[in-house]
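First comes the structure, then the notes that go with it.
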2 protein chains.
Amino acid sequence: MSAENLPRILIIDDELAIRRFLHTILSSEDFSLHEAENGHAGLAAAAAFKPDIILLDLGLPDLDGIEVIMRLREWSQVPIIVLSVREHENDKVAALNAGADDYLTKPFGVGELLARIRAALRRSLQEVPEPIYTCNGLQVDLTRRLVTIQGEEVSLTPTEYDILRLMVTHAGKVLTHSQILKQVWGIAYLEQPHVLRVNISNLRRKIESDPSRPRHIVTEPGVGYRLTL
Amino acid sequence: MSAENLPRILIIDDELAIRRFLHTILSSEDFSLHEAENGHAGLAAAAAFKPDIILLDLGLPDLDGIEVIMRLREWSQVPIIVLSVREHENDKVAALNAGADDYLTKPFGVGELLARIRAALRRSLQEVPEPIYTCNGLQVDLTRRLVTIQGEEVSLTPTEYDILRLMVTHAGKVLTHSQILKQVWGIAYLEQPHVLRVNISNLRRKIESDPSRPRHIVTEPGVGYRLTL
DNA sequence: AAACTTCTTGATGTTTTCTTGACAGCTTAC
DNA sequence: GTAAGCTGTCAAGAAAACATCAAGAAGTTT
C-alpha cells in the first residue's frame with residue numbers, strides 16, 4: 001500500500017508527552033500522523049490535512065474541547081475520538097452529544113485505543129459510490145465495472161475496459177495516443193499506435209450504434225481520441 | 001414522529017434484571033425496543049426485527065459474545081454496543097476487533113449509555129441491505145447460512161460458502177480474483193488463481209442449473225467473477 | 001482406526017483475448 | 001492527380017486465461 005493510502009490520523013493535544021506517546025504507539029502501525037497543539041491549530045489542520053480520524057484531548061489551552069467538536073461538526077463528519085482525564089459522566093455525555101464518536105478516559109490501554117481507532121475507521125471507510133458516466137444511452141458504472149448501451153449490458157475485454165475507463169475519467173478531454181498507450185499498455189508500447197487503433201475499433205463496434213460514424217469515441221486526427229460529454 | 005420511524009433497538013441479554021433496567025431507561029426515550037435472551041434468539045431477532053442498533057451482553061448462556069458479533073458481521077453493518085462486566089482490556093479489544101462499535105463496562109451511567117446510543121445512531125443512518133439474496137431460484141440466507149436452489153437446500157463446503165457470501169454481499173459488482181483470494185484464503189494465496197477456479201467450478205456445479213452456461217456466477221475474463229443481480 | 005468430507009494440486013482440453021499483418025479508405029501535401 | 005501518411009477494419013495465429021476431471025493429502029467425525 002502506498003503512503004498516500006494510509007489512514008490519516010490527526011492528534012490534537014497540548015501536552016508534548018502525550019503527543020510523543022501517541023506518536024510512538026501509532027507510528028508502529030500503518031498510519032499517517034499529524035499533530036496540533038491547540039484548538040485553533042487543530043481546526044485548521046482538520047481542514048488542511050483531511051484526517052480519517054481525529055484524536056482530541058478535551059483540555060486544550062485556547063478552546064474548550066466541546067467547542068472544538070462543535071466547530072468540526074459544522075462541516076465535517078470525520079470520526080472524533082476524545083481522550084480525556086475527566087472521567088465524570090457529564091463530560092462524556094457532553095462530548096458525545098456534541099458530536100464525538102467515542103470517549104476514552106486516560107489512562108487507557110494501548111490495545112483498546114488501537115481497537116477503537118480500527119472500529120472507527122471500519123465505519124468511515126464504507127465505500128462512497130463512484131459516479132456513473134452517462135451519455136446518449138452509453139452508461140459506464142465504474143464501481144461495478146458494468147457498461148451498458150441502451151440499457152443492454154456490453155461485455156468488454158480487460159484492455160477495452162481499461163481504455164474506456166481512462167476515457168470516462170477524462171471525459172470531454174482529448175487523450176493523446178501516447179497517453180492512452182502509456183496508461184493501458186505501458187511505456188514499451190509508445191511506438192505502437194496500431195494496437196490502439198485495433199482496440200478502438202473493437203470498442204466502437206461494441207458501444208457505438210453506428211461504428212462508422214462514432215458519437216461517443218471521437219477521433220481527433222493527428223492527436224488522439226476524445227469521449228463526448 | 002410515527003412509531004415506524006422510531007430508532008429500533010435490540011437488546012440481547014440473558015439477565016432479566018438488566019433487560020428490565022434497559023427497558024425502563026430506553027422506553028422513556030423515543031425508541032422501539034425488542035429483546036432476546038440468548039445468542040441464537042438474538043441473531044434471529046437481528047434478521048427479523050432489523051434493529052438500528054444492538055445492545056449486546058457478552059456473557060450469554062448459549063453462544064460466546066464474540067461469536068455473536070462475528071456472525072452478525074457476516075451480513076450486517078448494524079452498530080453493536082457491547083455491555084459487559086468484564087473490564088479487562090483484552091475483552092474490549094477482542095470485541096471491538098470482531099466488529100463491535102463500542103464497549104461499555106457495567107455498571108455504566110444511564111446518560112453515557114444514551115449518549116453513546118445517540119452517537120451510534122447519528123452515524124448509521126444508512127440503509128441496511130436485505131440479509132437474503134434471491135435471484136432466479138437461487139436463495140442465500142446469510143443469517144442462517146442457508147442456500148437453496150429452486151427451494152431445495154444445497155450443501156456447500158465452508159470455502160464455497162465463504163466465496164458465495166462474499167459475492168452476495170457485493171452482488172452485481174465484479175469481484176477481482178485478488179479480492180476473492182485475499183478475503184477467502186488470505187494474502188498468501190494471491191498468486192494462486194487455480195484454487196479459486198476449482199472452487200468456482202464446484203460452486204457452479206451445485207448452484208447452476210447448467211454449469212457450462214452459468215447464470216448466477218458470471219466470469220469476467222481477465223478480471224474476476226460477478227454475481228448477477 | 002476407518003469412513004467421510006474437504007482442500008490442494010496436477011493434467012488436460014476449451015474459450016477468450018491479444019498481437020500482428022494485410023489491406024482499404026480518407027486526408028493532406030505537392 | 002498522385003503519393004504519403006494517418007486511420008479503420010478484418011482475420012488468423014499465438015498467448016493467456018479459464019473450466020473440468022481426478023487423485024492424493026489433510027483434517028474431522030464416528
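Every chain is numbered from 1 and lettered A, B, ... according to where its sequence line falls, protein lines coming before strand lines.
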Exercise for the section: Flag yes if more than 12 heavy atoms outside A:Q183 fall under 6.0 Å of its CD atom; otherwise flag no. Expected result: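 Count not over threshold, so no.
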
When all nucleic acid strands are considered with a 4.0 Å heavy-atom cut-off, which category describes [X]: base, sugar-phosphate, or nothing?
| X | value |
| --- | --- |
| B:E160 | nothing |
| A:Y189 | sugar-phosphate |
| B:P211 | sugar-phosphate |
| B:Y225 | sugar-phosphate |

Practice task
Please determine if a side-chain N or O atom of B:T219 lies less than 4.0 Å away from the OP1 or OP2 oxygen of D:dC18.
Solution key: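 Answer is no, no contact under 4.0 Å.
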
Practice task
Report yes if at least one side-chain N or O of A:T157 is closer than 4.0 Å to OP1 or OP2 of C:dC18; otherwise report no.
Solution key: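 Indeed, a polar side-chain atom of A:T157 lies that close.
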
Problem - Ring geometry between B:H177 and B:Y225 (parallel below 30°, tilted from 30 to 60°, perpendicular above 60°) - result: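 Because their plane-to-plane angle is over 60°, the rings of B:Y225 and B:H177 count as perpendicular.
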
Practice task
Indicate yes or no for a side-chain donor-acceptor contact from A:K92 to the backbone of A:Y103 under 3.5 Å, with no hydrogens or angles considered.
Solution key: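 Side chain of A:K92 to backbone of A:Y103: no pair is present.
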
Options [options], nucleotide nearest the side-chain atoms of [X]:
| X | options | result |
| --- | --- | --- |
| A:P158 | C:dT17, C:dT8, D:dA19 | C:dT17 |
| A:H177 | D:dA22, D:dT7, D:dA19 | D:dT7 |
| B:R205 | C:dT17, D:dG8, D:dC21 | D:dC21 |

Value in whole Å for how far the [atom2] atom of [N] lies from [atom1] of [X]:
| X | N | atom1 | atom2 | result |
| --- | --- | --- | --- | --- |
| A:K206 | D:dT9 | NZ | C1' | 15 Å |
| A:L196 | D:dT7 | CG | P | 9 Å |
| B:I217 | D:dT20 | CD1 | C1' | 15 Å |
| A:H194 | C:dA22 | NE2 | C1' | 9 Å |
| A:W185 | C:dT20 | CH2 | P | 11 Å |
| B:E220 | D:dA17 | CD | C1' | 14 Å |
| A:R197 | C:dG25 | CZ | P | 17 Å |
| B:L203 | D:dC18 | CG | P | 17 Å |

Handout entry: Closest-nucleotide 5' rank along DNA chain C - winner of B:Q192 and B:P221
Key =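 Whichever sits nearer the 5' end wins; that is B:Q192.
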
Problem - B:S155 or A:S155, whichever maps to the more 5' nucleotide of DNA chain C - result: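 The residue closer to the strand's 5' end, by nearest nucleotide, is B:S155.
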
Practice task
Run the salt-bridge test on B:R116 and A:D102 with the 4.0 Å N-O cut-off and return the result as yes or no.
Solution key: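 Looking at A:D102 together with B:R116, the answer is yes, because their closest N to O distance falls below 4.0 Å.
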
Practice task
With B:V78 as reference, evaluate B:I54, B:D52, B:L10 under the side-chain contact (heavy atoms from CB on, under 4.5 Å) test and give the passing residue.
Solution key: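 Considering B:I54, B:D52, B:L10, a side-chain contact (heavy atoms from CB on, under 4.5 Å) with B:V78 is found only for B:I54.
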
